[in-house]
> 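Below is the structure I would like to discuss, written out as C-alpha cells.
All chains are named by letter (A, B, ...) in the order of the sequence lines, taking the proteins before the strands, and each is independently numbered beginning at 1. Only a predicted model underlies this, so the values are computations on that prediction, with no experimental measurement involved.
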Amino acid sequence: MSNEQLQNYIKELVPEVVFEENTQYLVAVVPTEKIYAITENLKKNASTAFDYMLSLTGVDYPDSYAVVYHLESTKHNHLIVLKAKMDKQNPKIDSVCKVWPAAELQEREVFDFFGVHFNNHPDLRRLFMDEEWQGYPLRKDYKDEINIVEL
Amino acid sequence: MKEIIQYFSDVFHAVKSLLTGMRVTGYYFFHHKEIVTQEYPENRATLKMFERFKGEVLMPHTESNEHKCTGCGICEMNCPNGSIEILTTFETVDGKKKKIIDKHIYHLSMCTFCGLCVKTCPSDALAFGNDFEHAVFDRQSLTKVLNKPGSTLNKEVKE
Amino acid sequence: MSDSKIQENLQKEDAYYVNMGPQHPSTHGVLRLRVGLQGEKVIHVEPHCGYIHRGIEKMCEKDTYSQIIHLTDRLDYLSANTNNEAVCLLVENALGIEVPERVKIIRTILDELTRLASHQLWWSVMGMDLGALTTFFYGLRDREKILDIFEESTGGRLLPSFNTPGGFMHDIHPNFVPRTKEFLAYFKKKLPEYNRLLTGNVIFQQRTKGIGILSKEDAIAYGVTGPSGRASGFACDVRKHHPYSAYGMVDFKEILYTEGDSFYRYVARMDEMWESMKIIEQLIDRIEDGPYTAKMKPIIKLPAGEYYQRVETTRGEFGVFVISTGDKTPYRMKFRSPNFANLSALDYMSRGFKIADMVAIMSSLDLVIPDIDR
Amino acid sequence: MAIDIYDFTGMTSAIHESLSAVLSPAATTIVEMTIIGIVFILFYALVGLFLVYAERKVCAFIQCRLGPRRVGPRGIFQTIADFIKLLMKELLMTKNADKFLFNLAPFIVIIASFMAIGAMPFAKGLHALDFDIGILYVLAVSGIGVIGILLAGWSSNNKYSLIGALRSGAQIVSYELSVGMALMTIIIFAGSMQLSEIVASQANGWWLFKGHIPAIIAFVIFMIASTAETNRGPFDLAEAESELVAGFHTEYSGIKFAFFFLAEYMNMFVVAAFGATVFLGAWMPFHISEMIPYAEYFNMGMDFIPGFIWFFGKTGMLILLMMWFKWTFPRLRIDQLLTLEWKYLLPINLVNIVITAFFVLTGFHF
C-alpha cells in the first residue's frame, strides 16, 4: 500500500487519527486507548500486514509522554510510525506484547526509563535499573546530582 | 541391512571429519613459523607502531620550546567528556593585554580518544602520541599538563 | 511479578534455578540470565540486563551530533564503524547533504571489514563456547590483520570513531588499499580452514543441528534480524532492501536459509563472510582521489523533526531515531539495537533444550552485551 | 634377547638383600615401602609439573602461540611459579558446604591417581606392584577418582558443581565399561592379567601390531574411552567451562584446586602409561621382522636404548595424542556422550572381543 492508501485505511479504521506532515515516514498520532485495537488490526489485516516491529520508543515531549512504534510489513515493504501520547500525570497505555512478542522487553525498557505503565503486560518490571531505583532516568525532569555531571 | 550400512558409514564419516580437524591443528603444531603472537614489546626504542595510533593527546613542542596553542578553548568545548581544561592568563605585549595559555590540562583517565580536539584545533596545536603504557599507581598522574613549563607560542601561529 | 512464575516453575519435579552471569564464561560480558532447569533441561530463561548500562541515550541528549559519534562506538563495539555510520547518515539525510562518492565507497569497505572482523571473532567464540578452544586463536589471528588495517587508517583498532557527519575525520592511509587487498588474498586461503576445523566436524554438527529452531514467523515477530533472522528465512538485510552508502552499487547475495537452527545461523554467517569479501573486492579498485569529507558547518543543527535511519550492522538491523527541536543537540535519541531484539527470542528458542544447547544457541545469536544495555 | 643390559632387577634385589641383612623382615618391608613412597611422590610431582608445562606448550603451538616464555629459559619454570602462586592463595569455601567432605575430595582424587602409578612397569625390574590381577587393580583404583569428583561436586553446595559431578558420574560409569572391554581383547591375546606377563608376551612384537585388526580397534576404543575417563576434552563435560563455569571444582581455590589440577594430569599419565604397557609393550623396544634384511642390526640398535626411555617415549606419544584431541575437538553434550558409548563403542567392542577369541582359537596372531 502507498502512504495515501494507508492513511485512508487508518482514517477509516479510527477517525480520530491525526497525521503529521512533512515527515520522513508516515506518522500517525493515534488515540492512546485504541492502540491495541489498531495495532492488532494492522497486523492481522492482509493488506497492511505490519508483522515486524522495528522499534518501540518512549519519548518525553514537553507536554506529554509518548510511545512511538516503528512498524514494517515484510510482505508489502511499507513502513508506518504510530505515536500514542499520554498525559504527564498518569501515563498508561495498553501493551502490544500479544501482537509482537518483541515488544515485551522494549516495553519494559520504556517503563524503566519513562515510567509509562503498560496494561496487560505479562511481566512489567524494571529492566535495566535496580528494582529499588527511584525515578525514571530518561524523563527530562529527572535529577541526579551524583551520577549526572552537568558540564 | 540398510541400517547396518548406514551405521558404518556414519562411523566412517565421523572419524573422517575428526581426522580432517586434527590435520589442521597438527599442521600448526609442527609449523612454528606460523606463530603469530609476540612477546610484550620490551623493545620500546626500536618499536615501530602505526603513526596514527591514538595513545594519548600531546602538544608537540619545537626545539626552542614553542607550541602552537593559543588558548582559544575550542578543544575544551568540543571534548564530550570534559577531559580538557584550559587555564588562561594575560600577558602585556606592547601595552596591549593579550590572552595566552597558562595550563592546558588533559585528564587521560577521562579521555575516550574520539579525536575531536585534535581535529577541531584551529592551529593544529594538538596531536596523538603513540605511547601505550598508561598504567600508573596513582590516579593523579593521569592528569597531565600538556604545555611544557616556560614554553611560548610559536610566532607563526596567527591569532 | 516474574517471581510468581519462578515459584510456579519451581513446583515442577526436579526444577531449580541457576544464575548464568553476570560473570559467566559463555555470556561474553555482563549479561545475567536466570535459567530454570529440570535436570539438564532448560524450562525458562529470564534475562536481567543493566549491568553495563551507561545511559548513552541520556548522554546523547547533552552532546552535539559530532560528539555522539564516539558514543555509538561503545554500543555494539564489534560493529563500531557501522554504528558511527548510522548517525552520520542520519545527520546527512536530515540536512540533505550529498557526500562524495569516495566517502561512500570507503564507508562501505570499512563496514564490510568490520563485519568480517566481527564474524571472525564470533566464529572464534562460537567454537570456544562449544569447547573447541583452538578456534579462538585462529579467528583472532585473522582478525588482527583487519584491526591493523583499521589502526593504520583510523588510529583506533576496535573503536575507530572515524566517521563524522559528512565524511571522515581524516583521509585514509595510503597503505589502506594494498593492505586490504593483501588481507583478502590471505583470508581466502584461511576461510576454508575454518570449515575444515569446525564446520565439518561431526561433534560440532551434532551439537548445533536442530538446536534452537526459530521459524520465519517467530523471527519476524520477535524482530530477530541479521544473520540470525536470515537463517530463519526472514529477508531483513537492510543493505539489500534499503541500500545506503555504496551498497546500491555492488552486486551481492542476501544469504537466506529456512532451517533456522543454530547450525544454519552459523552457516549464514560463514557465507556472509564470502559475500563481504565479494563486496570489498568490487569496491576496492573504485576508490578515486577526491575530498574525504563534504563541506560541513562547524556546528551542526538538525531541522526540527523526527528522523529514523536504519543500517545493517553485523548482528542485524541497527536503527537510530532522533527527535530534533532544531537545536545543536538532539531532543531524544533512541538506538534500536539488534541484540536487544535478538535477546528477547532467547527464552523461546532455548526452552526444552539442554543447558549445553543454550550455550550453543546464545553463541549462534552472537550477542554483544553493551549493545543490549546501551 | 639382548635387552638385559638395562635390567634393574639386580639393583633392586641388591637393595633388598642389603636391607634384610641388617633389619628384620618386617622392618625391611616398612623401609622399602617408605623409600618407594618417597620416590613415587617425587616422581609424581615432577611428572605433574612437566605435564602441565607440556600441555601449555603443546596447546600454544597448536594455536599459533608462543606459550610460556618468561619464567626461566623457554618458560620451563612457569608451572613452578604457578604452583607457588596457588600455594599462597586463600582457601575459600562456600557458606553451607560440607566441610569434611569438601576437604576430603581433593585427596581422594589425588590418591586414586597415585595408587594407579604403583602398578606401572617403568622398566625391566622397576615395578613396584606386580599383582597377578594387575589390570583389574589399575581399573579399580582409577575408578576411585570419580568418588572424589562426586564428593567435590556435592559438598560444594553449588548447583553448577553438582551438575558437573553428576555428569562425571554418568560418564565414568559408562566409559569404565569400554576401557575394560578394550583391555579384555589384550587379556585374551596375552592369556594373563598380570602386567609383567603382558609385557613379557610382547617381547617378539607389540600387541598393537601382532593383534591385527582387533587390537587396533581395541586400541582406538581404549584411547577414546580413557580420554573420557580422565575427564579431558572433548569429554570434559564435568568441568565444561563454557557451561558450568568450572564444573565440580568451581568452589575450590588455592592448593586444593591445584590437587584437582594435578590429579587430572596424573590421570592422563596413568591412562597413557597403561595404554603403552598393554598395547605398546611398555619398556619393550621396537623390533622389526627378521625377514627384512639387516633387521638384526636395527633391532640391536633399538636394544641399546634404555627401557625406561622406551616407556616414557610411548607414554609421551599417547599423552600428545590426547592433548591433540583436546585442542581440536568441540565438547560433546551429555546425551551424545552416552550415545557414543552405548550405541557405538560398546557394540563394536563386543563384536571385537568375539573376533579376538576367534583369532586366538585359530592361532591367527603371531
> If you measure from the Lys or Arg side-chain nitrogens to the Asp or Glu carboxylate oxygens, is any gap between Lys83(A) and Glu306(C) under 4.0 Å?
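Looking at Glu306(C) together with Lys83(A), the answer is yes, because their closest N to O distance falls below 4.0 Å.
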> Quick check on Lys11(A): does its NZ atom have over 12 non-hydrogen neighbours (other residues, nucleotides or ligands) under 6.0 Å away?
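Correct, the count exceeds 12.
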> Could you state the interatomic distance from CD1 (Ile38(A)) to CD (Glu33(A)), rounded to the nearest 0.5 Å?
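Here the rounded value is 9.0 Å.
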> State whether Asp112(A) and Arg108(A) are salt-bridged, where the test is any N-O pair (Lys NZ or Arg NE/NH1/NH2 against Asp/Glu carboxylate O) under 4.0 Å.
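Here Asp112(A) does not pair with Arg108(A) in a salt bridge, since their nearest N and O are not under 4.0 Å apart.
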> Does the side chain of Asn41(A) pick up a donor-acceptor pair with the side chain of Tyr9(A) at under 3.5 Å?
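Side-chain D/A pair, Asn41(A) to Tyr9(A): present.
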> Side chain, backbone, both or neither: which part of Glu61(C) has an atom under 4.5 Å from a heavy atom of chain A?
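Interface part for Glu61(C): side chain.
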> Tell me yes or no: between the side chains of Asp51(A) and Thr74(A), is some donor less than 3.5 Å from an acceptor?
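The criterion, which ignores hydrogens and geometry beyond distance, is satisfied for Thr74(A) and Asp51(A).
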> Does anything in residues 223-230 of chain C get under 4.5 Å of chain A by heavy atoms, and if so which residues?
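Interface residues of residues 223-230 of chain C: Gly223(C), Thr225(C).
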> Side chains of Lys88(A) and Tyr61(A): any donor to acceptor distance under 3.5 Å?
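Not at all, the side chains of Tyr61(A) and Lys88(A) share no donor-acceptor pair under 3.5 Å.
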> In plain terms, say whether Arg374(C) and Glu109(A) are close enough for a salt bridge, that is, a side-chain N and a carboxylate O under 4.0 Å apart.
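Yes.
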> Heavy-atom cut-off 4.5 Å, strictly under: side chain, backbone, both or neither for Leu56(A) against chain C?
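When you check distances to chain C, only backbone atoms of Leu56(A) fall under 4.5 Å.
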> Would you give the length of the straight line joining atom CG of Asn45(A) to atom CD of Glu40(A), rounded to the nearest 0.5 angstrom?
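The distance works out to 11.5 Å.
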> Are there over 12 heavy-atom neighbours, none belonging to Lys98(A), within less than 6.0 Å of that residue's NZ?
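Atom NZ in Lys98(A) is not packed in, count stays at 12 or less.
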> At a heavy-atom separation under 4.5 Å, does Val81(A) approach chain C through its side chain, its backbone, both, or neither?
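It is neither, since no heavy atom gets under 4.5 Å.
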> Tell me the closest heavy-atom pair linking Pro165(C) and Glu92(C), and the distance in Å.
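Answer, listing the atom of Pro165(C) first, then Glu92(C): C-OE2, 3.7 Å.
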> Just wondering, are more than 12 heavy atoms of other shown residues or ligands nearer than 6.0 Å to NZ in Lys240(C)?
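Count over threshold, so yes.
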> Find the distance between CD (Glu46(C)) and NE2 (His44(C)) and round it off to the nearest 0.5 Å.
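Output value for this atom pair is 5.0 Å.
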> Are Phe111(A) and Phe118(A) close enough that their ring centers fall under 6.0 Å?
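Not close enough - the centres of the two rings lie 6.0 Å or further apart.
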> Identify which part of Pro101(A) has an atom lying under 4.5 Å from any heavy atom of chain C, answering side chain, backbone, both or neither.
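For Pro101(A), backbone and side chain are both near chain C.
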> Heavy-atom distances under 4.5 Å only: say whether Phe234(C) touches chain A with side chain, backbone, both or neither.
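Looking at Phe234(C), just its side chain touches chain A.
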> Non-hydrogen contacts under 4.5 angstrom with chain A: give the residues of residues 311-328 of chain C involved, or none if there are none.
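Glu317(C), Phe321(C), Ile323(C), listed by number.
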> With a 4.5 angstrom heavy-atom cut-off, is it the side chain or the backbone of His242(C) that approaches chain A, or both, or neither?
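Answer is side chain: those atoms of His242(C) sit under 4.5 Å from chain A.
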> Looking at Arg239(C) and Asp237(C), does any basic side-chain N land under 4.0 Å from a carboxylate oxygen?
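A salt bridge is present here (some side-chain N lies under 4.0 Å from a carboxylate O).
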> Which residues in residues 51-59 of chain C have any heavy atom lying under 4.5 Å from a heavy atom of chain A?
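So far as heavy atoms go, His53(C), Glu57(C), Lys58(C) are the residues that approach chain A to under 4.5 Å.
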> Might you confirm whether atom CD of Glu16(A) has over 12 heavy atoms from other residues, nucleotides or ligands at distances under 6.0 Å?
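Enclosed.
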> Under 4.5 Å, heavy atom to heavy atom: which of residues 332-343 of chain C reach chain A? Give them by number, or say none.
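Residues of residues 332-343 of chain C touching chain A at under 4.5 Å: Arg332(C), Lys334(C), Arg336(C), Phe340(C), Leu343(C).
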> Less than 3.5 Å apart, any donor N or O on the side chain of Glu72(A) or His70(A) sitting next to an acceptor on the other?
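Result is no, nothing qualifies.
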> Find the one option among Asp60(A), Leu138(A), Leu79(A) whose heavy-atom pairs under 4.5 Å with chain C are most numerous.
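Counting heavy-atom pairs under 4.5 Å, the top option is Leu138(A).
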> Can you tell which of Asn77(A), Val68(A), Asp130(A) has the highest number of heavy-atom pairs within less than 4.5 Å of chain C?
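Option with the greatest count: Val68(A).
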> Indicate the atoms forming the closest heavy-atom contact of Ala28(A) with Phe19(A), along with that distance.
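Ala28(A) and Phe19(A) have their closest heavy atoms at CB-CE2, 3.5 Å.
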> Please determine, by modelled atom types, if His78(A) and Gln5(A) share a side-chain donor-acceptor pair under 3.5 angstrom.
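There is no such pair between these side chains.
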> Ion pair present between Arg125(A) and Asp123(A), side-chain N to carboxylate O less than 4.0 angstrom?
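Answer for the salt bridge query: yes.
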